[in-house]
There are 2 protein chains.
Amino acid sequence: MSLKKTFQALSDPTRREILSLLRERPLAAGDIAARFDLKAATISHHLGILRSAGLVSDERSGKNVIYELNLSVMEEIINWIKTLSGGIDT
Amino acid sequence: MSLKKTFQALSDPTRREILSLLRERPLAAGDIAARFDLKAATISHHLGILRSAGLVSDERSGKNVIYELNLSVMEEIINWIKTLSGGIDT
DNA sequence: AATACAATTAGACAACAGTCTAATTGTATT
DNA sequence: AATACAATTAGACTGTTGTCTAATTGTATT
């Protein structure tokens, strides 16, 4: 997972909001879509980008596809910032 | 400075490399441009985006314009990640 | 097996981003 | 004040992004 992909994925407000929703618990694609004023197809597209950036994982459960937050990629970002700042203490 | 602007600015590899260059010391726009296979106008454009995202500050010094890294915006990113992870220990 | 529900994929379209060349602005030197 | 140097701005062009509607796939229910 490249930093480019990660930052690009995080640059969209809708995608950041999706991640925030997943903070509490995993959710089905439909449940996520229901929270936005966007078509389900659009949300599916955003979920695809998040998945491809490694920010979420997905698993089918019957008719639904459950999405779950994956925070490990965030480590990469933090490490990159650390190299920039020469090891700032956050 | 919005997260959108910040992440968008960081999503471009050239801009990330510029920030890395500025890690050591402030540099003139021309010195930065000299490190890349891109036209000076293009680099100037990138510097404008970094400035507008608050990631660098600039100051004119005679004929040159000196760019300096500004890390304070990174705090915002880290804080956002922290809210997502519910206070992960990095 | 037929129908319905959940989600994704395909294709179209407007808006935006990264690059270039050419023109412009700002500062210093002669 | 004329010229040269450093940097930015303007305008054009191509490629990418976010959204939509329509069509498709996958799974469950009847």
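So you know, we letter chains A, B, ... as the sequences are listed, proteins then strands, and number each from 1. What you see is a predicted model, and the numbers here were worked out from it, not measured in a lab.
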> Starting at atom CG of D12(B), determine the distance to atom C1' of dT19(C), rounded to an integer number of angstrom.
11 Å

> If every non-hydrogen atom of N70(B) is compared with every non-hydrogen atom of S72(B), which pair is closest and at what distance?
OD1-OG, 2.9 Å

> Could you check if a side-chain atom of L71(A) sits within less than 4.5 angstrom of a side-chain atom of L69(A), using non-hydrogen atoms only?
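Heavy-atom side-chain distance check passes, below 4.5 Å.
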
> Check for a donor-acceptor pair, side chain of T42(B) on one end and backbone N or O of L38(B) on the other, with a separation under 3.5 Å.
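Checking the backbone N and O of L38(B) against the side chain of T42(B), no donor-acceptor pair under 3.5 Å is found.
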
> Counting distance only, does the side-chain N/O of S85(B) pair as donor-acceptor with the main-chain N or O of I81(B) below 3.5 Å?
yes

> Does the side chain of I77(A) come within less than 4.5 Å of W80(A)'s, by heavy atoms?
no

> With nearest nucleotides of DNA chain D determined for G62(A) and S11(A) from heavy-atom distances, which residue corresponds to the more 5′ nucleotide?
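Upstream on the strand: S11(A).
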
> Under 4.0 Å, heavy atom to any atom of DNA chain C: which of residues 33-52 of chain B qualify?
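Contacts with DNA chain C under 4.0 Å: L38(B), K39(B), A41(B), T42(B), H45(B), H46(B), I49(B).
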
> Please list, chain by chain and in numerical order, all residues satisfying side-chain contact (heavy atoms from CB on, under 4.5 Å) with D12(B), sequence neighbours excluded.
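Scan of D12(B) (side-chain contact (heavy atoms from CB on, under 4.5 Å), adjacent residues dropped) gives T14(B), R15(B), H46(B).
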
> Distance-only check: which donor-acceptor pairs under 3.5 Å involve side-chain atoms of residues 48-61 of chain B, not counting sequence neighbours?
| from | atom 1 | to | atom 2 | distance (Å) |
| --- | --- | --- | --- | --- |
| R51(B) | NE | D58(B) | OD2 | 3.3 |
| R51(B) | NH2 | Y67(B) | OH | 2.9 |
| S52(B) | OG | K5(B) | NZ | 3.0 |
| R60(B) | NH1 | G62(B) | O | 3.1 |
| R60(B) | NH1 | K63(B) | O | 3.4 |

> Identify every side-chain donor-acceptor pair in residues 16-30 of chain A under 3.5 Å, counting partners at least two apart or on other chains, and give the distances.
| from | atom 1 | to | atom 2 | distance (Å) |
| --- | --- | --- | --- | --- |
| R16(A) | NH1 | L10(A) | O | 2.7 |
| R16(A) | NH1 | S11(A) | O | 3.4 |
| S20(A) | OG | R16(A) | O | 3.4 |

> What dot-bracket string describes DNA chain C from 5' to 3', counting Watson-Crick and G-U wobble pairs whose defining distances are under 3.5 Å, with [ ] for crossing pairs and | for pairs to another strand?
||||||||||||||||||||||||||||||

> With rounding to the nearest 0.5 angstrom, report the NZ to CG distance, K82(A) to L84(A).
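The CG atom of L84(A) is 13.0 Å from NZ of K82(A), to the nearest 0.5 Å.
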
> Name the first nucleotide and the last nucleotide along DNA chain D (5' to 3') that come under 4.0 Å of a heavy atom in chain B.
dC5(D) to dT9(D)

> Report, as yes or no, whether the 6.0 Å neighbourhood of atom NZ on K39(A) holds more than 12 heavy atoms from other residues, nucleotides or ligands.
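Count not over threshold, so no.
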
